[in-house]
Amino acid sequence: QSQREAMGSHGGQGTVFRTPEHHVWTGPGLRNVSLEVTFDPTVLDLVARLPDSQGQAIAQFELPGLCDTRPHEDAFVEAWLERWLDIGAMPGEEMILEARCLLAMKELVAERPEVCPILRHMLGRFEMALSAWLKQWPSAEPPRQEGLQTAQKELVRAEDMELEIHAVLALLGGCTGSQSASLLPEDEEATEQFRQVSLGWIFKLHSFYGLKILAQHERVSAAAQQNSERLSMLWWEIGEVSELLCCAFFRPMEMELWQFARRWCLEGAGATAFESQRKSPSPAPRNDSAMGSSTRGTPTPEDAAPAESAERATPGAEAADPAAATAQDVNDAISQALLWELLPPREELAEWPGKPTEVPSASTESQGAAQSEPVAEDAVEEAPSAPSTQRVPGSSFFHVARREDCDLREFDKRDDFHIRRLEESTTVHCWNTAVEQAVIGSARQVLASSVAMVPGSGQYRFDLRVNSGTGSEAAHLLEVGLMSDPNAGVYFQAESPGVKQPLKPGEEGKGEPFFRLVTIFDTLLEGVRLAVELDMDEATVNIRNLPSLEDATAQGQPPISLSAWIDARNRALVMSVRNPGELDCPLFKEHVEHLNDMIDRGTLDGELAETVLADDGVKWVLASNIVPDTPEAYHFYVAVPSGLEMEIF
């Protein structure tokens, strides 16, 4: 202050000129001002409050000369000017910047930058704050009734988060950005990051919080009646629907996605394409609509979903205007986005009753129009065939007890391991809330399937998804693989990371009773479904994501061979019932080698040589393949460390 007074003295007359409070150089300076962006559910917008000094300066000295022509062509800008220029701020009220009028305000300010330096600077700060908010979203997760709970600084309701997602997506021009100009043209990375994260959260709210996407239209209509069409997913464009259906994170059951897409085709924006097809004077096109041609009720076989396409569609490739998309465009986009291997056969889809109580039926007029559409005969031939692989359901998995001789048995916290089987589903939901204070990994729990798989019995598959905990301290101890006898129990050792059982004679080395899929961490992503496919005819295991996250031309992980392990297990199984002395007796081994040398030289042949070579003890010494009379059965198993949550489908 003394410096400003000294600099402000003039002519030695003692007159002091002080900088006005509204001046841009007043106080700490604008560089130290940071804006905090929040979502305002009352206006469905992202807003930031300005410091009182800057807000008053803008309203009093800058806004009056900013816009000569009123009303402004942008309705949001006009409403903002009316609120803060015409009406003015109430005592103690702070000026608010709104994201929905950011672009128009920047254009307005750019026309006369000399009139509004503070507002221009604050809009730049607001843009930076919006970018940070989009990159850091969400700042908190809604509390869950079950599963792992994360520490929260603030509580947010799942319903409020859903409204926030769809309101912000509308500000950003939809989940593909095709509905309006970019909110942050200089930071598309932040915008795209929010879009992708929000799609995963739409699915997460469906899967974990009961906010089903099939009833999203009714929820947003009740929460935001005047903006229901803008926020409802029923009025998304086909590119946006395709983008949602392609999302891999926290994906709901595929049948629920099929039901949503079917409703979008019958009652939402997709109905325009099929209505245009029906009214077209050209010859009737093939009707292989992804969602079928009839409305709710009992669909006929003609109503079933179309065949799975050989190639995956590029989301957003269709025209931006839903009315411009043809029925074939809609059909192709949805068909290529759905995972047909997780859907029932076409015949079962045709018989789907489709009677969700929360969803209204389509109008009578659309029923009659839809049912009158012809169906191509070749549509049935394109339908995906029934899978030949036997599914190992999550409901077949049971908890494997810890053995009495386990060194870490005193740290077993069985009560902290939770297992719940979802109603009307084969899915098992499990999570481990144990706190390991002494030994990391001591509270691991093991689940194994009761489905027995023997060599030569065909293909098997089970699917799992890690929902939370990949960053936990014990996450690296997650195990997925095959084991021989779950009823024998398991034990753990502090110096060894794997699940173990006491080794029997002959099991040392490669013959231990566990085969661990160590490459699973190369494919594992939190929230993305994993398919573990076992071919007992070829003795291989393949691990892949559903849906695939790799480029269509990229080569996936090669199958993992089980041949060496199964051969070692066969040898160990046969030798476990023989005299233990055969395994270590030097005299027996020398005798076998001598007889084998005689057979190679031809001095021992005929029936006697065949008898020698057929002996299991001889095969053991010569490391030949041994096949037991009764093949050994194997079982899928999963070791769940503390701090991890997963689902087995």
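If you're wondering where the values come from, they're calculated on a predicted model, not measured in any experiment.
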Distance-minimising heavy-atom pair for [X] and [Y]:
| X | Y | value |
| --- | --- | --- |
| Met95 | Ala59 | CE-CB, 3.8 Å |
| Leu171 | Leu46 | CD1-N, 3.9 Å |
| Leu163 | Ala224 | CD1-CB, 4.4 Å |

Intermediate values then yes/no, side chain to side chain contact (heavy atoms under 4.5 Å, CB included), His217 and Trp235
CA-CA 9 Å; His217 173 76; Trp235 302 109; 4.0 Å; yes
Angle between ring planes, Trp236 versus His166, binned at 30° and 60°: parallel, tilted or perpendicular?
tilted
Using the ring of each side chain (for Trp, its six-membered ring), is His418 parallel, tilted or perpendicular to Trp431, with breaks at 30° and 60°?
parallel
From CA spacing to verdict: side chain to side chain donor-acceptor pair (under 3.5 Å), Glu192, Gln196
CA-CA 6 Å; Glu192 185 60 25; Gln196 296 302 320; 2.7 Å; yes
Check whether any side-chain heavy atom of Arg83 sits under 4.5 Å from a side-chain heavy atom of Glu98, and report yes or no.
no
Got Met128 and Glu186 here, is their nearest side-chain heavy-atom distance under 4.5 Å?
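Heavy-atom side-chain distance check fails, nothing below 4.5 Å.
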Quick check on Arg49: does its CZ atom have over 12 non-hydrogen neighbours (other residues, nucleotides or ligands) under 6.0 Å away?
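No, not enclosed.
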Test Ser198 against Val168 for side chain to side chain contact (heavy atoms under 4.5 Å, CB included), laying out the working first.
CA-CA 9 Å; Ser198 64; Val168 176; over 6 Å; no
Go through Asn467 and Phe208 one step at a time and tell me if the side chain to side chain contact (heavy atoms under 4.5 Å, CB included) criterion holds.
CA-CA 10 Å; Asn467 294 333; Phe208 300 156; 3.3 Å; yes
Audit row: Glu243, Arg195, salt bridge (Lys or Arg N to Asp or Glu O under 4.0 Å) steps and yes/no
CA-CA 10 Å; Glu243 185 81 7; Arg195 290 192 184 113; over 6 Å; no
